Amino acid sequence: MATEKNLAIAHLWFDAFNAHNLEKLLSLYDDEAQHFSPKLKIRQPETNGLVTGKEALRTWWQDAFDRLPTLHYKVTSLTANPDRVFMEYLRTVANEPDMLVAEVLEIKDGSIIASRVYHG
């Protein structure tokens with residue numbers, strides 16, 4: 001049952017992200033969730049790639065949605081267990097090469113508590 005719920009959270013995550021619906025996306029996260037991304041490390045070096053809390057996530061994603069209005073993720077694979085979802089997707093942005101991405105969502109009590117992004 002938890003595995004199916006986690007897969008449902010992943011699908012909601014992609015729907016919200018691709019709609020650039022920041023509030024819906026943030027609603028999936030715990031208030032103190034942590035997020036790590038190599039792109040975050042590049043754009044905000046002072047974070048060393050890691051931010052904590054919904055306000056930091058809001059700032060990060062709002063910047064991405066503002067800078068990249070055509071940003072879209074196409075799911076290629078989802079693998080879930082009761083504690084996490086491993087997501088593979090293709091990142092597309094107009095006038096940029098497509099990028100293969102893997103991301104892990106750690107989920108507890110129906111909320112994402114941590115996410116980690118890996119680029120090829």
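Position 1 is the first residue of the sequence, and the numbers go up from there. Remember, it's a predicted structure, so these values are computed and weren't measured experimentally.
Taking the six-membered ring for Trp and thresholds of 30 and 60 degrees, F65 and F17 have ring planes more than 60 degrees apart, a perpendicular arrangement.
Inter-residue side-chain proximity for T52 and E32 is flagged as met; some heavy-atom pair is nearer than 4.5 Å. Using a 4.5 Å cut-off on side-chain heavy atoms (C-beta onward), V93 and M99 make no contact. A 4.5 Å side-chain heavy-atom check between H35 and V117 finds at least one atom pair inside the cut-off. Between E106 and Q34 there is no side-chain heavy-atom pair separated by less than 4.5 Å. Counting heavy atoms from C-beta on, the side chains of L100 and L90 come closer than 4.5 Å.
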* Decide side-chain contact (heavy atoms from CB on, under 4.5 Å) for W60 and T47; before the verdict, give the C-alpha distance in whole Å, the side-chain angles of both, and the deciding distance to 0.1 Å. => CA-CA 11 Å; W60 171 239; T47 67; over 6 Å; no
* Evaluate side-chain contact (heavy atoms from CB on, under 4.5 Å) for K74 paired with T92, printing each intermediate quantity in order. => CA-CA 8 Å; K74 180 182 176 189; T92 63; 5.8 Å; no
* **Criterion side-chain contact (heavy atoms from CB on, under 4.5 Å) on L28 and L12, from CA distance to verdict** => CA-CA 8 Å; L28 301 172; L12 290 170; 4.2 Å; yes
* To do: Decide side-chain contact (heavy atoms from CB on, under 4.5 Å) for E96 and L68; before the verdict, give the C-alpha distance in whole Å, the side-chain angles of both, and the deciding distance to 0.1 Å.
  => CA-CA 10 Å; E96 289 186 17; L68 306 166; 3.8 Å; yes
* To do: Might you work through the ring pair (Phe, Tyr, Trp, His ring centres under 6.0 Å) test for Y29 and W61, ending with a clear yes or no?
  => CA-CA 13 Å; Y29 283 80; W61 284 321; 5.3 Å; yes
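Checking side-chain atoms of N18 against main-chain N and O of Y73 turns up a donor-acceptor pair under 3.5 Å. With hydrogens and angles disregarded, a donor-acceptor distance shorter than 3.5 Å links the side chain of H20 to the backbone of L71. Although no hydrogens or angles enter the test, the distance criterion places a donor-acceptor pair under 3.5 Å between the side chain of E4 and the main chain of M1.
In plain terms, the two heavy atoms of N81 and D83 that are nearest each other are OD1-N, 2.7 Å. Contact record, L25 with A16: N-CB, 3.6 Å, taken as the closest heavy-atom pair. Taking all atoms of both residues into account, the shortest heavy-atom contact from M87 to A10 is SD-CB, 4.0 Å. Considering every non-hydrogen atom in both S115 and L105, the closest pair reads CB-CD2, 3.7 Å. The minimum heavy-atom distance linking S111 with D30 is given by the pair CB-N, 3.9 Å. Summarising the geometry of I107 relative to V85, their closest heavy-atom pair is CD1-CG2, 3.9 Å, with the distance given to 0.1 Å.
Note on L78: it clusters hydrophobically with V101, by side-chain heavy-atom contacts below 4.5 Å among ILVMFWY residues. Linking ILVMFWY side-chain heavy atoms closer than 4.5 Å, directly or via other members, places L26 and I112 in a single hydrophobic cluster.
Aromatic rings of Y118 and F36 (six-membered ring for Trp) have centroids beyond the 6.0 Å cut-off, not under it.
Atom CD of residue E103 and atom NE2 of residue H119 lie 8.0 Å apart, to the nearest 0.5 angstrom. Once rounded to the nearest 0.5 Å, the distance linking CG of D109 with NZ of K5 reads 10.0 Å. Atom CZ of R84 sits about 11.5 Å away from atom OG1 of T3, to the nearest 0.5 Å. In this structure, CG on D98 lies 9.5 Å from CZ on R91, to the nearest 0.5 angstrom.
We find that R43 and D63 are joined by a salt bridge, their nearest charged nitrogen and carboxylate oxygen being less than 4.0 Å apart.
For E23, the salt bridge (charged side-chain N to carboxylate O under 4.0 Å, His left out) test picks out R58, with sequence neighbours left out.
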